[in-house]
Structures are given as structure tokens and as C-alpha cells.
Amino acid sequence: MTKPLYEVGETPPLGEVPRQMYASVIRQNRFGQPKQAFRTEVVDTPAAGRGQVLVYVMAAGINYNNVWASLGKPVDVIGMRQRQGQPEDFHIGGSEASGVVWAVGEGVRNVKVGDHVVVTSGQWDETAEDIRMGRDPMMSESSLAWGYESNYGSFAQFCRVDEYQCHPKPAGLSWEKSAAFLLTGPTAYRQLFGWQGNSVRPGDPVLIWGGAGGLGSMAIQLVRIAGGIPIAVVSDEDRAEYCCRLGAEGTVNRRDFDHWGRLPDVGDAEASARFLRGARGVGKKIWEILGERRSPRIVLEHSGQDTLPTSIYLCDNAGMVVICGGTSGYNGDVDLRHLWMRSKRLQGSHYANARQCREVIELVGAGLLDPCLSACEGFEDVGRMHQMMHDNVHPSGNMAVLVNAPRQGETTLELPTA
Ligand SMILES: NC(=O)c1ccc[n+]([C@@H]2O[C@H](COP(=O)([O-])OP(=O)(O)OC[C@H]3O[C@@H](n4cnc5c(N)ncnc54)[C@H](OP(=O)(O)O)[C@@H]3O)[C@@H](O)[C@H]2O)c1
């Protein structure tokens with residue numbers, strides 16, 4: 001008989017769903033530093049509705065979006081959902097998972113109980129009119145980041161997803177490696193190959209901010225796969241080495257410059273000269289790496305406010321700055337003269353559609369793209385791993401936690417105490 005609650009790692013009979021589950025939960029009264037915001041609690045297990053799938057989570061990836069969810073800024077995701085009529089007063093984050101299909105709702109045809117799957121983050125309403133009219137689902141009014149904007153993410157024994165979020169797990173890859181690249185890999189892939197007219201072509205120099213981070217580690221490899229020349233920005237020598245091992249042609253240490261942040265006022269000649277000196281200095285470093293005076297055809301942005309003015313300045317004529325985040329702030333300044341006079345493109349890009357996700361999973365499955373799992377800890381460490389990410393002291397690459405999967409001796413990490 002199914003017990004009402006199983007311990008983490010204790011497996012119920014296949015297909016039998018306990019009434020309750022353990023989850024790493026954020027509540028509004030704990031908004032703040034991630035290490036305090038997350039707490040393991042017992043909550044009711046969600047049911048799989050029409051088109052939905054309940055997945056028994058083996059491992060879950062750690063991402064920046066749940067740093068934002070912990071802080072309650074810039075969006076209080078719980079309040080946002082309550083305003084939309086959803087009753088839960090808690091948030092279960094986690095936007096990528098590997099696991100086993102445990103129950104399927106009405107109408108689910110493409111996965112069945114017992115399938116080993118990986119779960120991607122993009123959610124949308126397949127019946128939405130804009131999608132039916134041919135819009136890319138990621139651009140639909142109905143598009144949501146699962147485990148951030150929507151609830152019942154992967155930091156729990158069971159997560160609830162839509163059928164199309166499930167893809168076959170790469171055979172032979174550990175649960176934790178399978179869970180680690182599903183957000184950053186597809187996001188970088190869409191940034192680099194999703195924008196017609198500005199896809200990476202062989203020989204293209206590509207500047208990658210945060211080269212040793214989750215997005216960056218995926219981007220360096222993807223650029224190489226396409227024959228481009230990745231140049232990574234980092235903040236220390238260990239990260240520089242890591243990027244070069246992944247295939248970066250060279251690295252720029254951002255600590256060598258001090259012109260970051262918003263653009264100075266137009267009338268402030270001294271500050272404007274300081275900005276130009278800094279931006280040109282980064283450009284010169286790129287020329288040194290390339291051995292010729294060429295500008296990046298694509299700049300992969302996510303650092304935002306601190307770096308966007310430099311990205312726009314450095315980008316090649318008719319090139320593209322493609323941005324998916326604003327870690328340092330979201331009031332990014334653009335010197336419009338450079339944008340129009342040089343026909344540059346500033347392109348927003350958000351996660352990836354199902355085809356793009358599948359292509360990245362295929363690349364990993366074929367051994368061409370390393371998921372770059374750098375740290376894997378236990379379920380109780382969800383908050384502390386997000387704290388490291390918040391403090392930018394996390395190891396290079398992608399991180400994951402084991403949920404129900406047993407530890408197999410994969411990577412471990414010295415975590416600061418709470
Ligand atoms: N829209 C989407 O679909 C999507 C998907 C994934 C991620 N994102 C966003 O993208 C951002 C990065 O995600 P991630 O997973 O790659 O995070 P990550 O693993 O923490 O890597 C980000 C890297 O950015 C660099 N960085 C931090 N602050 C910076 C600053 N002020 N100036 C320049 N570089 C800075 C850091 O590298 P160094 O210190 O070595 O320079 C850090 O390693 C987050 O804001 C996240 O929310 C968006």
C-alpha cells in the first residue's frame with residue numbers, strides 16, 4: 001500500500017503517488033538571502049492535470065532564477081501567482097530536472113509511467129491563439145519559466161510539468177549531469193543560433209560575458225562546435241583557465257578595467273573619456289587574442305547594466321548583442337549612435353523552444369557538449385548553493401542537487417556553513 005509520505009531517496013512503488021512530499025520551499029516571510037529563504041517542508045503532492053506529467057525527481061539543476069525568487073525581487077513570484085488566482089502561498093523552484101515519469105494526466109500521449117526523462121523549463125499554453133497563429137511558443141503571451149514563474153518545480157520529490165517539457169534522458173549520463181545543463185544550454189543555444197541573420201558562422205569572433213558561468217560554459221563550447229572563435233570574460237585566473245580548457249581562444253579579466261556601469265551623462269567629458277578608455281581597452285585585448293583587428297560578430301550578454309554599454313560599443317558593424325538577463329541590474333544604457341550608425345542589433349532572447357532544447361540534449365547525448373557539472377550536493381543544500389551563486393563564489397560551470405538519486409561519488413563542493 002502507498003504510504004502517505006516517503007523519505008527523500010526512498011522510492012514508492014512505480015506509479016503510486018504519495019499524498020505528501022518533501023520540497024525545498026520559499027515563503028514570502030523568508031524572502032531575502034537564499035540560504036535563509038529555502039526550507040525543507042512537507043507539502044501536498046500536486047496532481048497531474050490534463051496534458052501534465054508528474055515526475056519523480058532524481059536530480060535538479062541550480063540556476064540564477066531562484067536566486068531572484070529567494071530575494072523576492074525584482075518579482076515576488078508567490079504574490080504574482082496569487083494575483084492570477086493561484087492559491088499556494090509558497091514557491092517550489094527548480095527549472096530543470098532529470099527523473100522518472102510517475103503519473104500522467106488525461107491526454108498525455110508521448111511519455112508513459114516509467115520513462116526516464118529530462119525536463120526543460122519553457123512552459124506555454126499550446127492552445128494559445130498566438131501559438132496557433134504560428135508564433136514561436138517562447139514569444140507567446142502564455143510563455144512562463146517553469147519553477148520560477150510557475151510553481152511545483154524540481155526542488156521537490158515530485159515536480160509537475162507539461163508533457164512537451166519532457167525529453168528522453170541521454171542514455172548513460174548520470175542523473176545529476178542530465179539535470180545540470182537544461183536551462184543554460186538551450187538559452188545559450190537560442191542566443192547563438194536562434195536569431196536569423198546573426199547566427200554564429202565559422203570564423204566569427206564571439207564575446208561571452210561570464211565565460212566560466214553556467215551560460216558561458218555552454219556558450220564557449222557551442223561557438224566552437226559552429227566553428228566560431230569564443231572569447232570569454234572572467235574575473236579571475238582560475239576561471240580564465242577553465243574557459244581556455246573548454247575552448248576559449250583567450251580571456252579578458254574584467255577586474256583589469258573600471259569603467260563598468262551606466263553610461264555617463266552626455267555632457268560629462270571626463271567620465272565619457274574614462275568610459276571610452278575602458279571600452280577601447282577591452283577591445284584592444286580582444287584584438288590581441290585574435291591576432292588581428294576584428295570585433296565580435298556576436299556578444300552574448302546576461303550581465304546587463306554593468307556591461308551593456310561596453311557590449312554595444314565593441315560589437316562589430318551589423319553584429320548583434322544578444323541578451324537574456326541582467327545580473328548586475330536591468331537599466332542597461334545604449335549609446336544609440338553606435339546602434340544606428342553601425343547597424344548593430346540589440347536582441348532580447350529568453351530560454352528556448354522545444355526544438356532548440358531537444359537539439360541541445362542531442363548534442364549532450366552525442367558527447368559533443370559537456371554539461372559542465374562542477375558541483376553536486378544533497379537536497380538540503382539547495383539554499384546554500386543558491387547563496388554561492390548569489391555571492392558569485394560558486395564553482396565554474398553548472399551545479400545540481402541530488403533529490404531522490406543516490407550519491408554516486410560525483411563532484412562535491414566545500415559549502416560555507418549557513
Ligand atoms: N532568460 C533566460 O532564459 C535565462 C536563462 C539562464 C540564465 N539567465 C540569466 O543570466 C544570468 C547568468 O546566468 P548563469 O546561469 O550563467 O549564472 P552564473 O553561473 O552565475 O554565471 C554568470 C557569470 O556572470 C559573471 N558576472 C557576474 N556579475 C557580473 C558583472 N557585474 N559584470 C560582468 N560579469 C558578471 C560572473 O563571472 P565572472 O565574475 O567570472 O566575470 C558569473 O560567473 C542570470 O542573471 C540569469 O538569471 C537567463
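Read the numbers this way: they start at 1 and go in the same order the structure lists the ligands and their atoms.
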Just do the salt bridge (charged side-chain N to carboxylate O under 4.0 Å, His left out) check on Glu41 and Arg27 with the steps written out, would you?
-> CA-CA 11 Å; Glu41 295 184 15; Arg27 290 186 182 272; 2.8 Å; yes
Distance-only donor-acceptor check, side chains Gln123 and Gln165, under 3.5 Å = yes
Check if Gln305 has a non-hydrogen atom at a distance under 4.0 Å from any atom of ligand 1.
-> no
Among pairs that include at least one residue of residues 291-312, which meet salt bridge (charged side-chain N to carboxylate O under 4.0 Å, His left out), considering only residues two or more places apart or in two chains?
-> Asp204-Arg297, Glu292-Arg294
Can a non-hydrogen atom of Trp68 be found less than 4.0 Å from any atom of ligand 1?
-> yes
Residue selection (non-hydrogen contact nearest atom 16 (O) of ligand 1) among Leu215, Val252, Thr310 | Leu215
Distance only, no hydrogens: is a donor on one side chain within 3.5 Å (strictly under) of an acceptor on the other, for His386 and Ser70?
-> no
Judged by heavy atoms only, the candidate from Met218, Met389, Met399, Arg254 nearest atom 28 (N) of ligand 1 is Arg254
closest protein heavy atom to atom 31 (N) of ligand 1 is Asp306 OD2, 3.0 Å
Residues in side-chain contact (heavy atoms from CB on, under 4.5 Å) contact with Ser396, at least two apart in sequence or another chain | Ala212, Arg239, Tyr242
Could you tell me whether Asn398 approaches ligand 1 through its side chain, its backbone, both or neither, with non-hydrogen atoms closer than 4.0 Å?
-> neither
Are the aromatic ring centres of Tyr152 and Trp146 under 6.0 angstrom apart?
-> no
Atom 19 (O) of ligand 1: closest protein heavy atom, distance to 0.1 Å, is Gly214 N, 2.8 Å
Are any of the heavy atoms in Asn63 under 4.0 Å away from ligand 1?
-> no
Kindly indicate, with the supporting measurements, whether the criterion salt bridge (charged side-chain N to carboxylate O under 4.0 Å, His left out) is fulfilled by Glu359 and Arg355.
-> CA-CA 6 Å; Glu359 286 171 1; Arg355 178 184 56 75; 3.0 Å; yes
Please find out if less than 6.0 Å separates the ring center of Phe155 from that of His91.
-> no
Determine whether the side chain, the backbone, both or neither of Asn392 has a heavy atom under 4.0 Å from any heavy atom of ligand 1.
-> side chain
If you measure from atom 11 (C) of ligand 1 to every heavy atom of Asn65, Thr327, Asp391, which option wins on shortest distance?
-> Thr327
Heavy-atom proximity to atom 25 (C) of ligand 1 ranks first, among Gly304, Gly210, Gly348, Ala240, for Gly210
